[in-house]
Amino acid sequence: MCDVLAEVAGCQAYDEARFGRWTPVRREEHVGVEVPDPLRSDTVFETVASGRDVVVRDGGAATVRAGAGEVRPVRARRTTERENGMTETAGDEELRLPHGYTNATSRVAGTVRKSYLGPDAGQRFTVERAALSGLAGSFPVPEVRAAPDGELAVAEVAGWHAQDALDGGHAAAVLRLCGQARRRLSDVDPATVPGLPGTGEVIVHGDFGPQNILVNEAVDEVLAVIDWELCHLGPAVEDLAWTEWIVRMHHPLAVDHLDHLFTGYGERPGWGERQAAMVRMCLRCRDFCVRWGDPVAAAMWNRRTAATEAFRE
């Protein structure tokens, strides 16, 4: 749930190298381009019409999804992707990334603070607090330091974001670790985390994959699995299938290494079962965006659902 779709006619592009002057350039070819992973972008813009920040990048140029009205950069704020996958801003405001980012995260003195946005925010906070507290000592998760209502404070984990490691030439090792971590989670007694929603025999992370895993420098150990707000009881294939979906959708060069995911897990669920789980997850993301009142993101997830249904093993 981390993508922005630039699909409004009249989309404007800004040359990041000339950001100080931010002269808008008409770039009609950007219309309809789906830009992956805005966390990797550099420049923050605000649409005056909607008041929402939009951060995307396409081929080195920042692309802004513009509504009717002026589009402008916001105080030249810039973002950097940190080692643990959280985003930090150099300016005086915390950055909220739209279209599916379900929390606002900041870091202060070795503590990561997370508050929850969108539908079911209270439930997601409660679930993540319970998961981190219950799994501590039996599964690699960040330490909970405080949990006032609606906000979670956890110890920062110094590690390498597994998506970066995957893109950095370690796809086989990363996917093997993902499979091993999923197997280890299956061995945890669900009673360890009482009160989880859902029915099933194992704890399911709910947004499992390299996007939420931190590894050591040698890429032979999982240091932490983060973002447990969608945790529930269910079948382990959900987490395996979502890891596979992340690779197929966002890291196509790593698709040939997917066998290592199932080697690490110890078995390979059937393709039909995995694909059906991917489709269910896409529809869940679509429904979340609908409930949040974001038709553009919902339309994007409809297209992703169709693309997922067209996947072939």
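Along the sequence shown, residues carry numbers from 1. Just so it is clear, the structure is predicted and the values come from calculations on it, not from any experiment. No hydrogens, no waters, no symmetry mates; every other heavy atom, side chains included, goes into these values.
- Side-chain atoms of Trp292 and Leu117, non-hydrogen and from C-beta on, do get closer than 4.5 Å to each other.
- Shown here for Arg145 and Gly110, the closest heavy-atom pair between the two residues is NH1-O, 3.1 Å.
- Counting only heavy atoms from C-beta outward, the side chains of Thr308 and Phe311 approach each other to under 4.5 Å.
- Classification of Glu313 and Arg268 as a salt-bridged pair holds, one side-chain N sitting under 4.0 Å from a carboxylate O.
- Listed by first and then second residue, the side chain to side chain donor-acceptor pair (under 3.5 Å) pairs that reach into residues 126-140 are Lys114-Glu128, Tyr116-Glu128, sequence neighbours excluded.
- Across all non-hydrogen atoms, the minimal contact from Thr111 to Ala153 is CG2-CB, 3.9 Å.
- No side-chain N or O of His250 forms a donor-acceptor pair with one of Gln211 less than 3.5 Å apart.
- With contacts defined as side-chain heavy-atom distances shorter than 4.5 Å, the pair Val193/Cys231 does not qualify.
- Among Arg274, Met278, Glu267, the one residue that satisfies the side-chain contact (heavy atoms from CB on, under 4.5 Å) test with Val237 is Arg274.
- Taking CG from Asp207 and CG from Asn212, the interatomic distance works out to 4.5 Å, rounded to the nearest 0.5 Å.
- Inter-residue side-chain proximity for Leu230 and Arg124 is flagged as met; some heavy-atom pair is nearer than 4.5 Å.
- Here the straight-line distance linking atom CG of Leu223 with atom CD1 of Ile213 works out to 10.5 Å at 0.5 Å rounding.
- Taking each heavy atom of Val127 and Glu229 in turn, the nearest pair found is CG1-O, 3.8 Å.
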(request) Would you sort out whether Val202 and Leu185 count as a side chain to side chain contact (heavy atoms under 4.5 Å, CB included), showing the intermediate values? (result) CA-CA 8 Å; Val202 300; Leu185 185 58; over 6 Å; no
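- Residue Val255 is not grouped with residue Val279 when hydrophobic side chains (ILVMFWY) are merged at heavy-atom distances under 4.5 angstrom, including chains of intermediate members.
- Judged by a 6.0 Å distance limit and a 45° cone about the ring axis, Arg248 is not positioned over the six-membered ring of Trp245.
- For the pair Leu135 and Val225, the minimum side-chain heavy-atom distance is 4.5 Å or more.
- In this structure, OG in Ser186 is found 10.0 Å from CD in Glu201, a value given to the nearest 0.5 Å.
- In this structure, Arg312 CZ and Trp271 CH2 are separated by 8.0 Å, a value rounded to the nearest 0.5 Å.
- Interatomic distance, Leu177 CG to Asn216 CG, rounded to the nearest 0.5 Å: 7.5 Å.
- Counting all heavy atoms, side chain and backbone alike, Thr243 lies closest to Gly209 at OG1-CA, 3.5 Å.
- For His205 and Trp242, the distance between ring centers is not under 6.0 angstrom.
- The closest side-chain heavy-atom distance from His251 to Ile246 is below 4.5 Å.
- Note that the CD atom of Glu244 and the CG atom of Leu175 stand 10.0 Å from one another [nearest 0.5 Å].
- By the salt bridge (Lys or Arg N to Asp or Glu O under 4.0 Å) test, Arg280 is found to be paired with no residue, residues two or more places apart in sequence or in another chain being considered.
- Counting only heavy atoms from C-beta outward, the side chains of Leu233 and Val204 never approach each other to under 4.5 Å.
- Scanning both residues, Tyr265 and Ala236, for their nearest heavy atoms gives OH-CB, 3.5 Å.
- In the hydrophobic cluster analysis, where Ile, Leu, Val, Met, Phe, Trp and Tyr join through side-chain heavy atoms closer than 4.5 angstrom, Met249 is grouped together with Trp301.
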(message) I'd like to know whether Arg184 forms a side chain to side chain contact (heavy atoms under 4.5 Å, CB included) with Val222, so could you lay out the CA-CA distance, the side-chain angles of the two residues, the decisive distance to 0.1 Å, and finally the verdict.
(response) CA-CA 11 Å; Arg184 181 176 174 182; Val222 171; over 6 Å; no
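- Across all non-hydrogen atoms, the minimal contact from His257 to Ala172 is ND1-CB, 3.9 Å.
- For the pair Leu152/Leu132, a side-chain contact is recorded, criterion being any heavy-atom separation below 4.5 Å from C-beta on.
- Asp256 is linked by a side-chain hydrogen bond (donor to acceptor under 3.5 Å, both in side chains) to nothing, counting only residues two or more places apart in sequence or in another chain.
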